[in-house]
Amino acid sequence: MGRVALVTGGGRGIGRAIATALGREAVAVAVAARTREQIDATVSAIRAAGGAALAVELDVTEAAGVDKAVAQTVAELGPIDVVVNNAGIAESAPLSRTTPEMWDRHLRVNVTGPYLVARATLPGMLERGWGRVINVASMAGLAGAPYVAAYTASKHALVGLTRALAAEVAGRGVTVNAICPGFAATDIVWSGARNIAARTGRGFEDAVAAMARLNPGGRLIEPEEVADAVLALIGDAQRNGETVVLDGTAPTWRNA
């Protein structure tokens, strides 16, 4: 492709799958996350496969840090053509135990982070007349679910941000879309399954299977499926303001 991408939350799970897939497509990738060891491992994997990559330490909730990460990427790899806002958190609790701190934490990471990254990168894309912003949201951004009020609200907000930005850039060579996976084979699910097992006494594997059954396809989403959706969106200039729903059946597209 010959493009430059910035992938947040790129050190593990879905983010790592996206970054390595981009590297295989000759995209130079800035792999951004808070944990240095994880982003270094992702960068090493991309380089070992013949790709170009840069490790960028980043807390997406800090505006100055986002601006610094973008400047570093541009200086070392070139202007940013593709942004994948993948960094996110997910915690569960009934509303009565959803503290203001938990609520704020979800909004800062899952919504403010993508806003800050988009604000720092969209102007350059619009100036050059080409760009892709892809927000990794969730099926929880399209429907309600119990015990995840903060997470669900933040992902609904991310889908709303996607809609607003897509309308703002329409017809100018830039697209903004969202990917909404169901429960995926990542650390978030493993952590959730451990919590379920601890609270209920059921086995870890049973808890994972129960979460998988909540996806319409009855299985967990693989990180590589999200990466494939990212590649599809990069190559598609017509889709703007849409969501790609990954629920364990065939991917479906909806107007965001």
Side-chain angles (χ1 to χ4, degrees), residues 8-9 11-17 33-35 38 59-62 84-117 135-164 178-223 225-226 229 243-249 252 254 256:
T8 69
R12 60 181 181 172
I14 288 172
R16 180 167 184 170
R34 291 180 298 177
T35 306
Q38 293 177 351
D59 180 341
V60 296
T61 68
E62 298 178 354
V84 182
N85 283 310
N86 171 72
I89 61 170
E91 301 171 82
S92 63
L95 184 62
S96 61
R97 295 207 299 270
T98 300
T99 65
E101 292 77 18
M102 180 189 294
W103 179 268
D104 290 344
R105 188 160 57 245
H106 280 79
L107 294 179
R108 287 198 310 272
V109 176
N110 294 349
V111 188
T112 300
Y115 147 73
L116 290 172
V117 174
N135 296 320
V136 180
S138 168
M139 285 177 59
L142 302 172
Y147 309 120
V148 284
Y151 178 73
T152 299
S154 68
K155 291 301 187 178
H156 270 72
L158 182 55
V159 172
L161 177 64
T162 301
R163 290 172 173 164
I179 300 173
C180 293
F183 287 104
T186 66
D187 287 346
I188 288 177
V189 163
W190 313 146
S191 177
R194 285 191 293 269
N195 289 337
I196 291 171
R199 290 199 306 266
T200 66
R202 68 197 304 178
F204 173 80
E205 295 297 334
D206 285 345
V208 170
M211 296 173 78
R213 286 194 295 271
L214 293 174
N215 288 336
R219 64 175 181 85
L220 295 179
I221 310 306
E222 295 298 329
E225 294 177 77
V226 184
T243 54
V244 188
V245 179
L246 303 177
D247 62 6
T249 63
T252 58
R254 304 180 189 177

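The residues of the chain are indexed from 1 along the displayed sequence. What you see is a predicted model; the values in this text were computed from it and never measured. These numbers come from the heavy atoms of this one structure, side chains and all, not from hydrogens, waters or symmetry mates.
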Heavy-atom closest pair (Leu246 atom, Ala229 atom, distance to 0.1 Å) is CD1-CB, 4.4 Å

Go through Thr112 and Thr61 one step at a time and tell me if the side-chain contact (heavy atoms from CB on, under 4.5 Å) criterion holds.
-> CA-CA 6 Å; Thr112 300; Thr61 68; 5.8 Å; no

Take Thr162 and Thr243, measure what side-chain contact (heavy atoms from CB on, under 4.5 Å) needs, and give me the verdict at the end.
-> CA-CA 9 Å; Thr162 301; Thr243 54; 5.8 Å; no

Distance in Å, Leu220 CG paired with Arg213 CZ, rounded so as to fall on 0.5 Å steps = 11.0 Å

Closest non-hydrogen atoms of Pro216 and Met139, given as atom of the first, atom of the second and distance, are CD-CE, 3.9 Å

Distance-minimising heavy-atom pair for Val226 and Pro181 | CG2-CG, 4.1 Å

Donor-acceptor pair, Asn86 side chain versus Val136 backbone, under 3.5 Å?
-> no

Audit row: Val60, Leu116, side-chain contact (heavy atoms from CB on, under 4.5 Å) steps and yes/no | CA-CA 7 Å; Val60 296; Leu116 290 172; over 6 Å; no

Taking atom CD of Glu62 and atom CZ of Arg34, what is their separation to the nearest 0.5 Å?
-> 9.5 Å

Return the minimal non-hydrogen interatomic distance between Glu222 and Ala185, and the atom names on each side.
-> OE1-CB, 4.0 Å

More than 12 non-hydrogen atoms from neighbouring residues, nucleotides or ligands closer than 6.0 Å to CZ on Arg12, yes or no?
-> no

Report the C-alpha separation of Ile14 and Thr186 in whole Å, then their side-chain angles, then the decisive distance to 0.1 Å, and conclude whether the side-chain contact (heavy atoms from CB on, under 4.5 Å) test is met.
-> CA-CA 7 Å; Ile14 288 172; Thr186 66; 3.8 Å; yes

For Val109 and Gly88 the tightest heavy-atom approach is CG1-CA, 3.7 Å

Checking Asn135 side chain against Ala137 main chain: does a donor-acceptor pair fall under 3.5 Å?
-> no

Close side-chain approach of Asn215 to Ile221, heavy-atom, < 4.5 Å = yes

Give a yes or no on whether the backbone of Val148 and the side-chain of His106 come within a donor-acceptor separation of less than 3.5 Å.
-> no

Please examine the side chains of Arg254 and Cys180, heavy atoms only from C-beta on, and report whether any two atoms are closer than 4.5 Å.
-> no

Looking only at heavy atoms, which two atoms of Gly13 and Pro223 are closest? And how far apart?
-> O-CB, 3.9 Å

Could you give the distance from OG (Ser92) to CE (Met102), rounded to the nearest 0.5 Å?
-> 7.5 Å

Find the distance between OG1 (Thr98) and OH (Tyr147) and round it off to the nearest 0.5 Å.
-> 11.0 Å

Straight-line distance of Arg108 CZ to Asp59 CG, nearest 0.5 Å | 8.5 Å

Do the side chain of Asn85 and the main chain of Thr8 share a donor and acceptor less than 3.5 angstrom apart?
-> no

